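The block underneath contains the structure these notes are about, expressed in structure tokens.
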Amino acid sequence: MRMAKKRARQRVAVLISGRGSNMTALIEAAKDDGFPAEIALVLSNRPDAAGLVRARAEGIATAVVDHTAFGKERQALDRQALDRQALDRQAFEQAIDAQLQAHRIDLVCLAGFMRLLTPWLVRRWEGRLINIHPALLLAYKGLNTHERVLAAGEKSHGATVHFVVPEMDSGPIIAQGRVPVHDDDTPDTLAARVLEEEHRLYPLALKLVASGRARMVDGRCVSETHQNARGDLIAPDD
Ligand code: GRF
């Protein structure tokens, strides 16, 4: 009798810039032998990112690709300066890509990675690069989502995991989780509620992608689980 071949665990890199609480949630989830991915690398653009300490303590390989080593953001707008800036960015992303290759990475999770990626790196990893955003996309792209949600008087808020495409916070949605907004919320209390949801959501979304149950096909998320009428939204509730 032929045994079904077990799919190898996917080797995941988590890219961080700071405390890395989502990274920690992914590390914890991947400790389960049944989880379809292992965290093989944590990479930061900041040498002082607190998440690096945690990753090292867990025995996970870490790498730092310090963006400041590739040139400061330049104010001057002359042609030469702009060309230099583009070259710096390309070199920064090539250094990241080299680390991903060296560690034989299959999937990349952005988790509070505070650098915008250019289409070059995004396209290289398209369909294998996911991000968590602290809002219910497509609403509230960008920064300071909790402040803006409160200012708009929204009654609910949440988090989204999506495939990364060149346009920021616009890729096909893999999973979303909703939380209520309370009348007495401050940006901090709301952020804490959303973060808790993020820690639930990101491992679920990674599990879907790493197991092949959610895939990016022709710019859409195709999933074998809970799809909505548009076929692009999974709302995991387990
Ligand atoms: C999270 O809110 C995430 O959604 C956003 O940046 C924050 C990172 O937090 N992209 P942490 O470093 O994972 O704790």
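In what follows, every heavy atom counts, from backbone to side chain, and hydrogens, waters and symmetry copies are set aside. Note that the structure is a prediction, hence the values are computed from the model and not measured. Both ligands and their constituent atoms are indexed starting at 1 by order of listing.
- Shown here for Leu15 and Leu100, the closest heavy-atom pair between the two residues is CD1-CD2, 4.4 Å.
- Under the 6.0 Å cut-off for aromatic ring centres, His157 and His146 qualify, their centroids lying closer than that.
- The nearest heavy-atom contact from the protein to atom 9 (O) of ligand 1 is Arg19 NH2, 3.3 Å.
- Polar contact check, Gly20 against ligand 1: a nitrogen or oxygen pair lies under 3.5 Å apart.
- Residue Ser21 has at least one N or O atom closer than 3.5 Å to an N or O atom of ligand 1.
- Atom CD of Glu196 has 12 or fewer neighbouring heavy atoms from other residues, nucleotides or ligands inside a 6.0 Å radius.
- Closest non-hydrogen pair, Val165 versus Pro172, comes out as CG1-CD, 3.8 Å.
- Polar contact with ligand 1: present for Ile132 (N/O pair, distance under 3.5 Å).
- Scanning the protein for heavy atoms near atom 2 (O) of ligand 1, the closest one is Glu198 OE2, 3.0 Å.
- The shortest contact between atom 6 (O) of ligand 1 and any protein heavy atom is with Gly112 CA, 3.5 Å.
- Atom CG of Asp184 sits in a crowded spot, with more than 12 heavy atoms from other residues, nucleotides or ligands closer than 6.0 Å.
- In this structure, the side chains of Leu195 and Ser21 come closer than 4.5 Å at one or more pairs of heavy atoms.
- Considering backbone and side-chain atoms alike, Asn131 places every N or O at 3.5 Å or more from each N or O of ligand 1.
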